[in-house]
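Note sheet for the following structure.
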Amino acid sequence: MLEQVYDILYLNPRYILFIHLVLNDMIHVMLTVILFLMSYKSHKISFYICCIIILITLFATENTPLNVACMAIECYIAVCLPLRHSRICTIRKTLMLIGLIWVTSMSVVLPDLFVTLATQPLDFFHSQFVCNRHAVFQNPVLVKKSSIIQSVFLVIVWFTIFYTYFRILFTARAASKDSKKARNTIILHGFQVLLCMATYVGPQLLDVVQQHFLVNYFDSVFSFYIIVHILPRSISPIIYGVRDENFRKYLKRNMLCKCRLIKNNC
């Protein structure tokens, strides 16, 4: 059984991408919760610690939509090009793709650090402040640069996901009588992707919150944090994990085995 689980989870490109998505989202949620609590309590920390937390958080934030897009492409190849799937989606290429996701995210975020190091005075790096992205990367140029890059990423990821999902839908409807199931799956994936895409318009949404909800600002920011950061990452394990037949089967077996062991020990 353990060998079968290994073959399913560690030798299948789809599950490798899924495991990477879950681990990435765990890191993101953990760090964003820490940042939110420090911001809520107005707790100040040094530049260096804040910078490390912000960079890792931004890497994880950028990774999620890219990972979802890669999973959509893998699913498209499996459904629409089944004879070429084993040749295109290999373990080696999947790991290279994950590396490319991280390199892409770093190439988007690290220039902000380099600009800050080159433009800020030395006193800035020894100061303490409430940790958030705007406190670390204060150059106005970086805000414009971030907006442009996020817009480009939004268009590319949206186009990729919508193209692949609609091709999957049409192929599934043509090949199977159970078109309702395929349609429901696409709708559920689309809802999750829509929430993930909020990452790319997050700064603009936060500006709107700051302008129109000054009275209940902290409550509004908390709601924004739940909708943009927590909710999409809570839905991902359900869509890509629990709803998958193979994954659900081995998950049930593993849970039953653990329950039996607990009962026996008791």
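- Counted within 6.0 Å of CE on Met96, heavy atoms from surrounding residues, nucleotides or ligands total 12 or fewer; the atom is thus considered open.
- Sorted by first and then second residue, the salt bridge (Lys or Arg N to Asp or Glu O under 4.0 Å) pairs with a member in residues 72-86 read Arg14-Glu74; sequence neighbours excluded.
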Query - Verdict with reasoning, Asp25 to Leu21, per side chain to side chain contact (heavy atoms under 4.5 Å, CB included) - result: CA-CA 6 Å; Asp25 288 348; Leu21 178 66; 3.7 Å; yes

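- Side chains of Leu17 and Thr94 form a contact here, defined as non-hydrogen atoms less than 4.5 Å apart.
- For Phe129, the CZ atom sits in a packed shell: over 12 heavy atoms of surrounding residues, nucleotides or ligands are nearer than 6.0 Å.
- Across all their heavy atoms, Ile161 and Val68 have their closest contact at CD1-CG1, 4.1 Å.
- With sequence neighbours left out, Gln138 forms a side chain to side chain contact (heavy atoms under 4.5 Å, CB included) with Gln120, Phe124.
- Using a 4.5 Å cut-off between side-chain heavy atoms of Ile, Leu, Val, Met, Phe, Trp and Tyr, with links allowed through other members, Ile91 and Leu23 fall into the same hydrophobic cluster.
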Requested in this report: For Leu81 and His85, run side chain to side chain contact (heavy atoms under 4.5 Å, CB included): C-alpha distance rounded to whole Å, both residues' side-chain angles, the deciding distance at 0.1 Å, then the answer.
Outcome: CA-CA 6 Å; Leu81 304 170; His85 180 266; over 6 Å; no

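- Taking NE2 of His126 as the reference point, atom OH of Tyr48 lies at 4.5 Å (rounded to 0.5 Å).
- Closest of all the heavy-atom pairs between Val130 and Lys44 is N-CG, 3.9 Å.
- By the criterion of side-chain heavy atoms lying less than 4.5 angstrom apart, applied directly or through intervening Ile, Leu, Val, Met, Phe, Trp or Tyr residues, Leu55 is not grouped with Val103; the two fall into different hydrophobic clusters.
- Listed here is the closest heavy atom pair of Thr164 and Thr160: OG1-O, 2.9 Å.
- Taking each heavy atom of His28 and Thr57 in turn, the nearest pair found is CD2-O, 3.8 Å.
- Side-chain contact between Val109 and Leu113: absent, with no pair of heavy atoms (C-beta onward) separated by less than 4.5 Å.
- The CZ atom of Phe47 lies 10.0 Å from the SG atom of Cys131; values are rounded to the nearest 0.5 Å.
- Side-chain polar atoms of Asn24 and Thr64 form a donor-acceptor pair below 3.5 angstrom.
- In this structure, Ile148 is not a member of the same hydrophobic cluster as Leu66, with clusters built from ILVMFWY side-chain heavy atoms closer than 4.5 Å.
- In the hydrophobic clustering of ILVMFWY residues, with side-chain heavy atoms under 4.5 Å counting as a link, Ile101 and Val155 come out apart.
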Report task. Give the C-alpha distance, both sets of side-chain angles, the deciding distance and a yes or no for side chain to side chain contact (heavy atoms under 4.5 Å, CB included) between Ile54 and Leu35. Result -> CA-CA 9 Å; Ile54 290 295; Leu35 289 172; 3.9 Å; yes

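- One finds the NE2 atom of His43 at 11.0 Å from the CG atom of Leu37 (value rounded to the nearest 0.5 Å).
- Atom SG in Cys50 sits 4.5 Å away from atom CD1 in Ile45 (nearest 0.5 Å).
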Requested in this report: Under the side chain to side chain contact (heavy atoms under 4.5 Å, CB included) rule, what do Val141 and Thr119 come out as? Steps first, then yes or no, please.
Outcome: CA-CA 11 Å; Val141 176; Thr119 56; over 6 Å; no

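- The residue from Leu95, Leu97, Asn67 that alone fulfils the side chain to side chain contact (heavy atoms under 4.5 Å, CB included) condition with His20 is Asn67.
- The side-chain heavy atoms of Leu110 and Phe59, taken from C-beta on, include a pair separated by under 4.5 Å.
- Heavy atoms only, all atoms of each residue included: Phe137 and Asp112 are closest at CD2-O, 3.6 Å.
- Although no hydrogens or angles enter the test, the distance criterion places no donor-acceptor pair under 3.5 Å between the side chain of Ser146 and the main chain of Leu142.
- Under the 4.5 Å side-chain heavy-atom criterion for grouping Ile, Leu, Val, Met, Phe, Trp and Tyr, Ile73 is connected to Ile88 within one hydrophobic cluster.
- Rounded to the nearest 0.5 Å, atoms OG1 (Thr61) and CG (Leu31) are 9.0 Å apart.
- Lys144 contributes atom NZ, which lies 10.0 Å from atom CG of Asn139 (distance to the nearest 0.5 angstrom).
- In plain terms, the two heavy atoms of Pro13 and Cys89 that are nearest each other are CG-O, 3.1 Å.
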